[in-house]
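Report on the following structure.
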Amino acid sequence: MKSGLDRNRGANESQKRRLKTKPLVLLIAVLAVSNLLWLIGWLIPDKAESPFKAGEEVASVAGKPITREEWMTAMEKKVGREVLLDLVNDRVMETAAAEYKIDVSNEDIDRELALLSSLDGKAYTGLDADQMRRKVRSELILNRVLTKDIVIEDKAVKSYYKENEDQFEIPTTYRTSLLVASTESEAQQALEEVKGGSSFDVLAKERSIDPSSASIGGDLGYISSRTEEIDPAILKTVEKLKKDRVSDVFRLADGTYAVVEVRDVLQGRSFKLKEVKEHIRRELALQQLSQSVTPETFWKEFDAHWFYGK
């Protein structure tokens, strides 16, 4: 507050401020009414302006149309249930984490990814980075809920670490996508399209002749020097690439040609006992459970329901 102002000057200034606020109040009122009208229009849409028209044709064969409804119904039947199941299970696990005061940090997820990638690099093939991290987080929450009341002695943890110490010496692993072609020219053409902005995943689905990875966009998961049944040429190539880089065309042992993309790199590291103590304790506790448990087990507890019924 300024000092030295007389009463009259203060009154004048106050009046000016009130005068200046009137247009602002009017503007706010207009915006509020506009937003209300927009909300009403959104809740009661004009069918004529809907982008999804009844009976809209999305394709045709021999003059017979395939409608948007047929397309969407087929998609829902093929992947809808699985996608919704993942969403519900993720929400159930987040609710469980809040209920049981379980905290999963990014460091916890990074450690689990590093340990898992060295043991089973294909565990999360077909998932992008965000989906993979959400999956790991949900599994960590589930396992912590299941093992929270199981006591594992420090002696057992130390013994497990000593007997399996090589499991905690993690080599550098590479999240790799592969596109295989019959000829060098076909592989080179695919590479040029990738450099031109085409999606590696889409091209792998359309053109790769590798039967095990083509359907999931060429995703090989994480590969490393420990990965079995991998062409040495693939590993040699990815070891020279940085994250988000695509290789030149190279020849595989069976005479075909390939291009690879490195989507992620997990640097090799050695885990000391104190870093993996809780991981080992949890794994030993899980071994004591009589049967495997999934997030669906907790649906009733957290009042989960979905479109597909029971």
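- Formation of a donor-acceptor pair under 3.5 Å by the Ser208 side chain with backbone atoms of Leu179 is not found in this model.
- Between Tyr161 and Phe168, the angle of the ring planes stays under 30°, which puts this pair in the parallel group of the 30/60° scheme.
- Arg133 places a side-chain heavy atom less than 4.5 Å from the side chain of Asn106.
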Which side-chain N or O atoms in residues 249-258 pair as donor and acceptor under 3.5 Å with protein atoms at least two apart or in another chain?
unit_1 : atom_1 : unit_2 : atom_2 : d
Asp254 : OD1    : Thr256 : N      : 3.0
Asp254 : OD1    : Thr256 : OG1    : 2.6

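- Atom CD of residue Glu94 and atom CZ of residue Phe302 lie 11.5 Å apart, to the nearest 0.5 angstrom.
- One N or O on the side chain of Asp210 and one on the backbone of Ser213 form a donor-acceptor pair closer than 3.5 Å.
- Side-chain contact check for Gln287 and Glu283: no donor-acceptor pair (N or O, by modelled atom type) lies under 3.5 Å.
- In the displayed structure, Glu107 atom CD is contacted under 6.0 Å by at most 12 heavy atoms of other residues, nucleotides or ligands.
- In this structure, the side chain of Thr147 does not engage the main chain of Ile150 through any donor-acceptor pair within 3.5 Å.
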Please test Glu99 against Thr95 for side chain to side chain donor-acceptor pair (under 3.5 Å), starting from the C-alpha separation and ending with a verdict. CA-CA 6 Å; Glu99 176 71 18; Thr95 305; over 6 Å; no
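- Ile223 is not connected to Leu113 by any chain of hydrophobic side-chain contacts under 4.5 Å among Ile, Leu, Val, Met, Phe, Trp and Tyr, and they are in different clusters.
- Under the 4.5 Å side-chain heavy-atom criterion for Ile, Leu, Val, Met, Phe, Trp and Tyr, Trp299 and Val83 are members of distinct hydrophobic clusters.
- Here the straight-line distance linking atom OG1 of Thr125 with atom CD1 of Ile216 works out to 4.0 Å at 0.5 Å rounding.
- Sparse packing is recorded around CD of Glu153, with 12 or fewer heavy atoms of other residues, nucleotides or ligands lying under 6.0 Å away.
- Between Val194 and Val259 there is no side-chain heavy-atom pair separated by less than 4.5 Å.
- Rounding to the nearest 0.5 Å places CG of Leu266 at 10.0 Å from OG of Ser224.
- Side-chain atoms of Glu301 do not come within 3.5 Å of backbone N or O of Phe298 as any donor-acceptor pair.
- Salt-bridge check for Arg111 with Glu278: failed, with every basic side-chain N at 4.0 Å or more from each acidic carboxylate O.
- Applying the side chain to side chain contact (heavy atoms under 4.5 Å, CB included) rule to Ser215 yields no partners; only residues at least two apart in sequence or on another chain are considered.
- Evaluated for a side-chain hydrogen bond (donor to acceptor under 3.5 Å, both in side chains) with Tyr222, the options Thr173, Asp264, Thr176 yield exactly one hit, Asp264.
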Go through Asp108 and Arg144 one step at a time and tell me if the salt bridge (charged side-chain N to carboxylate O under 4.0 Å, His left out) criterion holds. CA-CA 12 Å; Asp108 294 332; Arg144 288 183 181 181; 3.3 Å; yes
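- Between Tyr124 and Leu116 there is a side-chain heavy-atom pair separated by less than 4.5 Å.
- In the displayed structure, Lys158 atom NZ is contacted under 6.0 Å by at most 12 heavy atoms of other residues, nucleotides or ligands.
- Nearest heavy atom pair, residue Tyr308 against residue Arg81, reads OH-N, 3.3 Å.
- In terms of modelled atom types and a separation under 3.5 Å, the side chain of Thr73 and the main chain of Glu70 share no donor-acceptor contact.
- Atoms CG and NZ, on Leu140 and Lys135 in that order, are 12.5 Å from each other to the nearest 0.5 Å.
- Considering only heavy atoms from C-beta on, Val157 comes within 4.5 Å of Leu273 through its side chain.
- Taking a cutoff of 4.0 Å between a charged side-chain nitrogen and a carboxylate oxygen, Arg263 and Asp219 qualify as a salt bridge.
- In summary, of the residues considered (Asp86, Asn143, Asp90), a side-chain hydrogen bond (donor to acceptor under 3.5 Å, both in side chains) with Ser138 occurs for Asp90 alone.
- A distance-only check finds no donor-acceptor pair linking the side chain of Glu112 to the backbone of Ile109 [under 3.5 Å].
- The shortest side-chain heavy-atom distance between Arg245 and Val262 does not fall under the 4.5 Å cut-off.
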